[in-house]
Amino acid sequence: MGGAREAMTDVLTFPHFEPHFPRDRWSLPNVLEHQAEVRADRPCLSWTDAGKAYSFAEVNAIANRLARGFQSKGVKKGDYVVIFLPNCLEYVFSWYALAKLGAVEVTVGDSYKGAFLRHQANLSKSSIIVTTPELAERLIEIEEELVHIEHCILVSENDAEPLPAFSRITTSRFSDLYADDASNLGIPVGPRDAAAVLFTSGTTGLSKGVLMSHSHFYFFAEEDLQLVRLTENDVYSTSFPLFHGNAQFLTVYPSLLAGAHCVLYTRFSASDFIGRIRRSGSTVCNLLGATMAFILAQPPRPDDKDHKLTRIYAAPLAPDLGAKFVDRFGDITFVDGFGQTEISNIFQTPWQAERPAGASGVLVDQFFEVRLADPETGEEVAEGEIGELLIRPKIPGIVCMEYLGMPEKTVEAWKDLWFHTGDALRRDERGWYFFVDRVKDALRRRGENISSFEVESVVRSHHAVAECAVVAAKADEEGSEDEVKVFIVLNDGVELDYDDLAAWCDAKMPSFMVPRFVEVIEALPQTPSQKVQKKELRERGNGPATWDRTRQPAFARKA
């Protein structure tokens, strides 16, 4: 980093912290066994607010019993096992059981099918897959293409129903995995052993399998625990999919580390969000930008502030939504972190810091060094300019091991011995980092760089807008440069006055950022992990449903 930056003394960084466990104990079996001993009877895990609260001792015993069951199927340390399930307790129990064996969980989203399912199932060369009878039908459709799968273990509410009819793959019931012996297996599982494969969203190509060590998995959870100040007295709930990191290492695992009670739901519900928070007694939860908008679009209720929720990890936090949330649901502290599955959180929000609007956090400099660089040359950009985020860890074992089965992608990501995130950010003089866009999604118009995130924040604050996504779009004129286009999902029962929206944007952002094109759609295309697929939106181009601000006489920009 440049000398000018090093000379600064008032640059903010995330406060240094002492992890809950020593680094040689950073593995899930170590954590679970410890908590089962010191917090044996405290609530650990529940399926919905109406379900039984399993204690730490009970969860540990179940994991040991299931580990022996997987062992009876031939699973051993270092083996990969695919978990292809919707949210359920069996998902977490399987994850923990495989960890006890030193085996590796491979998470596959339950919405996948066809070529997408085949790619993820085959990449790890797993011979065993855990799924449901319903999802197994998708496996039957591509059975001959699943070249490594030999056995399918089926989670079912009714063991009397017949098993799916595969041609080659054998089947058994999940309920038969439970062995009588609930004692610890004694298999040594260390911090550098492989723990999990979580897949990237694949918005621009085939999804990549991120191979995470136990140390990496632990550290990500520890960061979240520190960010939301989680304690054993908290209830942390999630309805996000368990195949995704937001649920696994940003909710379930931090709860395990802190000794907190974790409550799981099958899927996100905007209409019952605050109801679930109230019934479960949740004090902490995580939200994504889009989910916050959907919650706020629900009709207000007189009991909206009747709950125990005090902290929300919102990633990213749109400033307009945060203010509306507090006004409606009461005094809630928002925190934010910025990272990727591959690299943990690089930036986090110091507790109760006066965060500038749109900031993602400050550097976790205890563990990382970073650069913002020109994506073409790799040269560091000047203070305040937009550059691609490059990172390096200061200690081993807190970033991913590799992209599984894709060595060329691993080498590409670690060019010049820095991990290239593909994210464009800028940094202010106080040390706050601001996410601008994915490098491939970045907009440049009239020589100006444009943050789609910032444009979306303004558009989303319009009363008619429930959610939106900004992309670059080509104008009809020959040789024209990219123009700003916004796709909008409207609030229920509302019509959009295009001129009013244009005037709204004109009053709140520089002229070069105001969208030229506007198109209303029913829903934004999303990946299973609820990221907007902007590639698909860009490929739609403009059509009869696209409104062009420059060709509408009703709105004329003031000089």
Side-chain angles (χ1 to χ4, degrees), residues 14-23 25-32 35 92 95-96 99 104-107 189-201 208-230 236 238 240-258 260 262 284-286 288 311 313-316 335-349 360-368 370 389 391-404 413 419 421 423 529:
F14 193 77
H16 289 202
F17 58 85
E18 186 66 31
H20 282 55
F21 287 75
R23 282 172 54 193
R25 302 287 292 170
W26 284 10
S27 75
L28 194 149
N30 289 330
V31 174
L32 178 55
Q35 300 294 43
V92 179
W95 162 23
Y96 287 3
V104 184
E105 60 150 343
V106 180
T107 67
V189 180
R192 303 309 296 272
D193 288 329
V197 176
L198 273 73
F199 286 89
T200 62
S201 297
K208 299 187 288 290
V210 181
L211 181 59
M212 303 177 68
S213 67
H214 275 277
S215 177
H216 180 193
F217 224 76
Y218 171 97
F219 178 75
F220 219 145
E222 179 74 56
E223 282 193 299
D224 178 85
L225 183 158
Q226 299 288 340
L227 180 64
V228 302
R229 295 197 165 190
L230 197 66
Y236 207 161
T238 187
F240 291 138
L242 281 163
F243 66 82
H244 190 248
N246 193 291
Q248 284 212 13
F249 51 70
L250 295 182
T251 304
V252 180
Y253 203 164
S255 300
L256 181 62
L257 273 178
C262 183
V284 191
C285 75
N286 294 353
L288 304 172
R311 290 99 79 201
Y313 178 3
V335 293
D336 197 356
F338 183 89
Q340 296 177 349
T341 303
E342 293 94 321
I343 55 173
S344 309
N345 267 353
I346 306 303
F347 309 119
Q348 296 198 148
T349 309
S360 298
V362 298
L363 178 62
V364 185
D365 76 326
Q366 180 182 358
F367 296 102
F368 298 101
V370 302
L389 174 64
I391 76 100
R392 284 199 298 224
K394 290 183 176 179
I395 68 170
I398 59 174
V399 299
C400 72
M401 302 170 76
E402 62 179 274
Y403 288 125
L404 187 67
F419 185 87
T421 65
D423 287 324
S529 57

Undergrad: State the CZ-CZ distance between Phe220 and Phe249, to the nearest 0.5 angstrom.
TA: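 The CZ atom of Phe220 sits 4.5 Å away from the CZ atom of Phe249.
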Undergrad: If I compare all heavy atoms of Thr341 with all of Met212, which pair ends up nearest, and what's the gap?
TA: CG2-SD, 3.8 Å
Undergrad: Does Thr421 offer a backbone N or O that forms a donor-acceptor pair with the side chain of Gln340 under 3.5 Å?
TA: yes
Undergrad: Step by step, work out the side-chain contact (heavy atoms from CB on, under 4.5 Å) result for Val31 and His20.
TA: CA-CA 10 Å; Val31 174; His20 282 55; over 6 Å; no
Undergrad: Between Ala315 and Gly337, which heavy-atom pair has the shortest distance, and what is it?
TA: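 Result for this residue pair: CB-O, 4.1 Å.
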Undergrad: Hey, mind stepping through Val399 and Phe368 against side-chain contact (heavy atoms from CB on, under 4.5 Å) and telling me if it holds?
TA: CA-CA 10 Å; Val399 299; Phe368 298 101; 4.1 Å; yes
Undergrad: Just wondering, do Leu230 and Tyr313 contact through their side chains at under 4.5 Å, heavy atoms?
TA: no
Undergrad: Measure from the side-chain N and O atoms of Thr238 to the backbone N and O of Ala247, and report whether any donor-acceptor pair falls under 3.5 Å.
TA: no
Undergrad: Using atom types as modelled and distance alone, determine if a side-chain donor or acceptor of Asp193 lies under 3.5 Å from a backbone N or O of Gly190.
TA: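 Side chain of Asp193 to backbone of Gly190: a pair is present.
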Undergrad: Locate the shortest heavy-atom distance separating Gln366 from Lys394; write the atom from each residue and the value.
TA: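 Closest approach of Gln366 to Lys394, heavy atoms only: O-CD, 3.9 Å.
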Undergrad: How many angstroms lie between CG in Leu198 and CZ in Phe243, if you round to the nearest 0.5 Å?
TA: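 Reported value, rounded in 0.5 Å steps: 9.5 Å.
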Undergrad: Indicate yes or no: at least one non-hydrogen side-chain atom of Val210 is less than 4.5 angstrom from one of Val197.
TA: no
Undergrad: Taking all non-hydrogen atoms of both residues into account, name the closest pair between Leu211 and Ala194 and its distance.
TA: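 Closest approach of Leu211 to Ala194, heavy atoms only: CD1-CB, 3.9 Å.
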Undergrad: At what distance, to the nearest 0.5 angstrom, does CD of Gln348 lie from CD of Glu223?
TA: 4.5 Å
Undergrad: Looking only at non-hydrogen atoms, find the nearest pair between Gln226 and Glu18 and report the distance.
TA: NE2-O, 3.8 Å
Undergrad: CZ/Phe217 to NE2/His214 distance, rounded to the nearest 0.5 angstrom?
TA: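 Between atom CZ of Phe217 and atom NE2 of His214 there are 9.0 Å.
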Undergrad: Between Gln248 and Glu105, do the side chains contain an N or O donor and an N or O acceptor separated by less than 3.5 Å?
TA: yes
Undergrad: Is the backbone N or O of Val362 less than 3.5 Å from a side-chain atom of Thr349, with the two atoms forming a donor-acceptor pair by type?
TA: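 Judged by distance alone, no pair lies under 3.5 Å.
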Undergrad: State, yes or no, whether a side-chain contact exists between Val106 and Leu404 at a heavy-atom distance under 4.5 Å.
TA: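 No, side chains not in contact.
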Undergrad: Flag the pair Leu32 / Leu256 as yes when at least one side-chain heavy-atom distance between them is below 4.5 Å, and no otherwise.
TA: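 Counting from C-beta outward, Leu32 and Leu256 do come under 4.5 Å.
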Undergrad: Supply the atom-to-atom distance Asn286 CG to Phe240 CZ, rounded to the nearest 0.5 angstrom.
TA: 7.0 Å
Undergrad: Working note: Phe21 + Leu257, criterion side-chain contact (heavy atoms from CB on, under 4.5 Å); need CA distance, chi angles, decisive distance, verdict.
TA: CA-CA 9 Å; Phe21 287 75; Leu257 273 178; 3.8 Å; yes
Undergrad: For Phe17 and Leu225, what are the C-alpha separation, side-chain angles and deciding distance, and is it a side-chain contact (heavy atoms from CB on, under 4.5 Å)?
TA: CA-CA 11 Å; Phe17 58 85; Leu225 183 158; over 6 Å; no
Undergrad: Take atom CZ in Arg392; do more than 12 heavy atoms of anything else shown fall under 6.0 Å from it?
TA: yes
Undergrad: Tell me if the centroids of the rings in Tyr253 and Tyr236 come within less than 6.0 Å of each other.
TA: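 Between Tyr236 and Tyr253, which both carry aromatic rings, the centre distance is not below 6.0 Å.
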Undergrad: Going from CD on Glu222 to CG on Asn345, what distance comes out if it is rounded to the nearest 0.5 angstrom?
TA: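 Reported to 0.5 Å precision, the distance equals 12.5 Å.
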Undergrad: Quick one: does Thr107's side chain get under 4.5 Å of Trp95's, heavy atoms only?
TA: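 Heavy-atom side-chain distance check fails, nothing below 4.5 Å.
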Undergrad: At their closest point, which heavy atom of Arg25 faces which heavy atom of Asn30, and how far apart are they?
TA: NH1-OD1, 3.3 Å
Undergrad: Do the non-hydrogen side-chain atoms of Ser215 and Arg23 ever get within less than 4.5 Å of each other?
TA: no
